[in-house]
Amino acid sequence: MAVANYIPETLDEALLLRKAEGAIPLAGGTDIMVQNKRGIGLDPILDRPVMIIAGLKELKGITLHEDGSVEIGALTTAGEIASSLVVPWHVRMAASGMGAVALRNSATIGGNIGNASPKGDLPQPLILLDAEVVLISFGGERRMLLDDFIKGSKKTDLRSDELIKSVIIPPHDFTYSYYRKIGMRKANAISKLSLSAAAVVKDGLVVDFRASSGAAGPKVIRSREAESMIIRRSIEDIPEIVPDFLDAWDRAISPHAMPKYRRNTTARMLTRFLEAIVNEEDHGIIE
Amino acid sequence: MYKEIEFRVNGNKVLYSGNPLRRLVDVLREELGLIGVKEGCGEGECGACSIIKDGKLVTSCIIPVGACIGSEILTIEGIRDTEKGKCIVDAFRDGGAVQCGFCIPGMVMAAYALLQSNPTPTEHDVRVAISGNICRCTGYDLIVESIMLAASRGGELWQ
Ligand SMILES: Cc1cc2nc3c(=O)[nH]c(=O)nc-3n(C[C@H](O)[C@H](O)[C@H](O)COP(=O)(O)OP(=O)(O)OC[C@H]3O[C@@H](n4cnc5c(N)ncnc54)[C@H](O)[C@@H]3O)c2cc1C
Ligand code: FES
Ligand code: FES
């Protein structure tokens with residue numbers, strides 16, 4: 001064995017290991033074990049010590065706070081998120097579309113964020129909802145927008161002495177919601193492309209409008225510039241804004257592989273969502 | 001800090017003091033001789049190594065043994081001779097669900113996890129439950145029908 005690996009019993013022990021050795025946290029292991037796979041009968045080897053944090057109770061569970069915000073502990077699995085009654089719809093949709101049953105029972109939200117793959121499914125709806133991430137170290141806690149925490153493909157703002165503690169999603173009450181993940185097949189398929197969108201419409205006025213694109217660039221993309229073109233406009237005005245809005249969104253995304261397909265499909269999904277708003281379709285989920 | 005990893009496999013206590021990053025599938029197959037657990041892809045994609053950990057279906061090829069402290073683990077060997085296990089295995093046989101058999105232990109574990117939480121599944125529920133289990137032989141239909149058969153034959157057993 002090249003380096004020692006640990007199983008801390010408490011969060012304090014884990015934070016100490018983080019500080020002293022910069023040990024790599026392993027939560028569900030579904031990324032780490034695959035990325036460091038060496039074959040049958042061979043243990044994965046990493047260049048730094050690994051600490052298995054899967055058992056830390058301090059980082060588990062979902063809490064609905066009094067202000068309506070929902071806090072999800074870093075070790076909460078995709079399966080637990082998908083079946084929660086309090087987690088917002090967009091996030092539940094993304095969680096229930098991850099992998100297959102067994103994968104959802106292992107994969108954690110902290111791991112999905114920590115891995116920071118542009119194809120990871122949970123950051124996309126979380127960034128749509130302005131979720132914040134809570135980071136913990138011996139020095140205390142800090143909170144920041146998830147959109148700022150994820151810096152790019154596989155890059156986060158995590159310090160070597162920190163752990164992701166939880167994610168906090170502020171409350172929302174949308175008139176319309178949209179979520180779509182496109183993969184090669186239904187189960188165990190990494191996203192080729194995904195999109196979330198949401199809007200609040202009051203008396204014919206779009207009060208809030210937002211969208212986020214997954215797997216369409218080095219990180220999840222939300223174009224505030226494009227969003228602001230729709231916000232505070234009346235629904236009658238939207239059809240004439242759509243072309244400029246789609247152009248602005250298209251400039252914001254930067255898909256690598258099959259860029260034309262990804263750009264066209266993104267535009268089609270956004271068009272569908274805007275059409276539902278303009279046509280004053282029944283409130284709720286737009287298919 | 002934990003020095004030893006204590007957990008239960010098919011009801012028996014196991015103490016493991018090696019590398020916590022060792023894959024659970026290797027501990028089950030090589031240390032404990034539970035070779036009903038199969039390894040196909042080794043990457044969580046095929047479901048051949050599926051087992052039940054604390055009541056939940058997981059793929060043992062991507063779980064390190066160090067994540068099993070205090071866990072209750074069930075493999076095909078642990079359910080095969082129980083009433084529920086026999087109900088599924090008999091249904092697989094009678095329903096003609098088995099060809100080469102390589103995927104079957106994982107399929108049976110997935111079926112077991114499903115029926116434990118949902119005793120009266122629809123065909124769609126069954127297909128979702130085994131969607132992480134790849135079979136190269138059967139085309140799935142006979143497996144799905146056999147799981148439906150186990151649900152209806154088992155009746156009260158699953159309630
Ligand atoms: C078969 C298969 C299918 C998959 N399908 C999907 C899919 O559909 N959608 C999807 O998004 N992903 C998918 N994945 C990828 C993976 O399952 C997810 O990214 C998962 O959420 C990772 O979580 P984990 O707990 O297993 O992470 P780990 O492997 O334990 O960790 C991943 C990274 O996050 C870090 N980390 C973990 N927890 C913390 C913490 N609390 N604080 C700081 N850093 C932390 C780790 O150090 C590591 O760098 C799939 C993987 C497999 C094997
Ligand atoms: S061998 Fe574990 S999922 Fe394929
Ligand atoms: S019966 Fe051969 S793989 Fe399923």
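Chain A is the first sequence line, chain B the second, and so forth, proteins listed ahead of strands; every chain is numbered from 1.
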Asks: Are there residues of residues 187-197 of chain A whose heavy atoms fall under 4.5 Å of chain B's heavy atoms? If so, which?
Replies: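 The list, in residue order, reads A:Ala187, A:Asn188.
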Asks: Using heavy-atom distances under 4.5 Å, tell me whether B:Ile52 contacts chain A through its side chain, its backbone, both, or neither.
Replies: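 Interface part for B:Ile52: neither.
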Asks: With the side chain counted from C-beta on, respond yes when B:Phe7 and B:Leu15 share a heavy-atom pair under 4.5 Å apart, and no when they do not.
Replies: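 Contact flag for B:Phe7/B:Leu15 side chains = no.
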Asks: Would you say A:Tyr179 and A:Leu128 make side-chain contact, with heavy atoms under 4.5 Å?
Replies: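 Contact flag for A:Tyr179/A:Leu128 side chains = no.
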Asks: Report the C-alpha separation of A:Asp12 and A:Glu58 in whole Å, then their side-chain angles, then the decisive distance to 0.1 Å, and conclude whether the side chain to side chain contact (heavy atoms under 4.5 Å, CB included) test is met.
Replies: CA-CA 10 Å; A:Asp12 274 354; A:Glu58 297 94 327; over 6 Å; no
Asks: One thing to verify: whether B:Arg29 and B:Glu39 come together as a salt bridge, which I'm taking to mean a side-chain N less than 4.0 angstrom from a carboxylate O.
Replies: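 Between B:Arg29 and B:Glu39 there is no salt bridge, as every charged N stays at least 4.0 Å from the carboxylate O atoms.
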Asks: If you measure from the Lys or Arg side-chain nitrogens to the Asp or Glu carboxylate oxygens, is any gap between B:Asp94 and B:Arg153 under 4.0 Å?
Replies: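 A salt bridge is present here (some side-chain N lies under 4.0 Å from a carboxylate O).
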Asks: Under the side chain to side chain contact (heavy atoms under 4.5 Å, CB included) criterion, do A:Met51 and A:Arg18 qualify, and how do the steps go?
Replies: CA-CA 9 Å; A:Met51 57 174 184; A:Arg18 210 51 198 136; 3.7 Å; yes
Asks: What part of A:Lys186 is in contact with chain B, defined as an atom under 4.5 angstrom from a non-hydrogen atom: side chain, backbone, both or neither?
Replies: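 For A:Lys186, there is no contact with chain B at all, as no heavy atom is under 4.5 Å.
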Asks: A:Ile52 versus chain B, heavy atoms under 4.5 Å apart: side chain, backbone, both or neither?
Replies: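 The side chain, not the backbone.
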Asks: Inspect the contact between A:Arg142 and A:Glu162 and indicate whether a charged nitrogen and a carboxylate oxygen are less than 4.0 angstrom apart.
Replies: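 Between A:Arg142 and A:Glu162 there is a salt bridge, with a charged N closer than 4.0 Å to a carboxylate O.
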Asks: Determine, stepwise, if the pair B:Asn19 / A:Asn5 fulfils side chain to side chain donor-acceptor pair (under 3.5 Å).
Replies: CA-CA 7 Å; B:Asn19 183 0; A:Asn5 299 309; 3.1 Å; yes
Asks: Would you mind checking which part of B:Glu45 comes under 4.5 Å of any heavy atom in chain A, side chain (CB onward), backbone (N, CA, C, O), both or neither?
Replies: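 Both backbone and side chain.
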Asks: Please classify the contact between B:Glu30 and chain A as side chain, backbone, both or neither, with a heavy-atom cut-off of under 4.5 Å.
Replies: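 Interface part for B:Glu30: side chain.
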Asks: Please classify the contact between A:Ala102 and chain B as side chain, backbone, both or neither, with a heavy-atom cut-off of under 4.5 Å.
Replies: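 It is both, since atoms from each part get that close.
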Asks: Pick one of side chain, backbone, both or neither for B:Leu21, based on which atoms fall under 4.5 Å of a heavy atom in chain A.
Replies: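 It is both, since atoms from each part get that close.
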Asks: Could you check if a side-chain atom of B:Pro64 sits within less than 4.5 angstrom of a side-chain atom of B:Pro20, using non-hydrogen atoms only?
Replies: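 Not in contact.
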Asks: Does some side-chain heavy atom of A:Pro88 sit less than 4.5 Å from a side-chain heavy atom of A:Leu129?
Replies: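 A:Leu129 reaches A:Pro88 side chain to side chain.
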Asks: Please determine, among B:Gly132, B:Ala110, B:Gly42, B:Ala113, the option with the most heavy-atom pairs under 4.5 Å with chain A.
Replies: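 Of B:Gly132, B:Ala110, B:Gly42, B:Ala113, B:Gly42 has the most heavy-atom pairs under 4.5 Å with chain A.
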Asks: So which part of B:Leu114 gets closer than 4.5 Å to some heavy atom of chain A, the side chain, the backbone, both or neither?
Replies: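 Nothing of B:Leu114, per the 4.5 Å heavy-atom cut-off to chain A.
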Asks: Could you check B:Ile63 against B:Cys68 for side chain to side chain contact (heavy atoms under 4.5 Å, CB included), going step by step and ending with a plain yes or no?
Replies: CA-CA 8 Å; B:Ile63 293 189; B:Cys68 298; 4.2 Å; yes
Asks: Please check if atom NZ in A:Lys19 has more than 12 non-hydrogen atoms from other residues, nucleotides or ligands closer than 6.0 Å.
Replies: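 It does not: A:Lys19 NZ has 12 such atoms or fewer within range.
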Asks: Is it the backbone or the side chain of A:Ile53 that comes under 4.5 Å from a heavy atom of chain B, or both, or neither?
Replies: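 Contact with chain B is absent: no heavy atom of A:Ile53 under 4.5 Å.
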Asks: Side chain, backbone, both or neither: which part of B:Cys41 has an atom under 4.5 Å from a heavy atom of chain A?
Replies: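 Only the backbone of B:Cys41 comes within 4.5 Å of chain A.
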Asks: For chain B, find which of A:Ile40, A:Val101, A:Asp31 contributes the most heavy-atom pairs closer than 4.5 angstrom.
Replies: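 Highest number of heavy-atom pairs under 4.5 Å: A:Ile40.
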Asks: Pick from A:Gly28, A:Gly55, A:Gly41: which one has the most heavy-atom pairs with chain B under 4.5 Å?
Replies: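 The option with the most such pairs is A:Gly41.
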Asks: Looking just at side-chain N and O atoms, do B:Ser71 and B:Asp54 make a donor-acceptor pair shorter than 3.5 Å?
Replies: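 The criterion, which ignores hydrogens and geometry beyond distance, is satisfied for B:Asp54 and B:Ser71.
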Asks: Which atoms of A:Ile32 come close to chain B, meaning under 4.5 Å heavy atom to heavy atom: side chain ones, backbone ones, both, or neither?
Replies: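 No part of it gets close to chain B.
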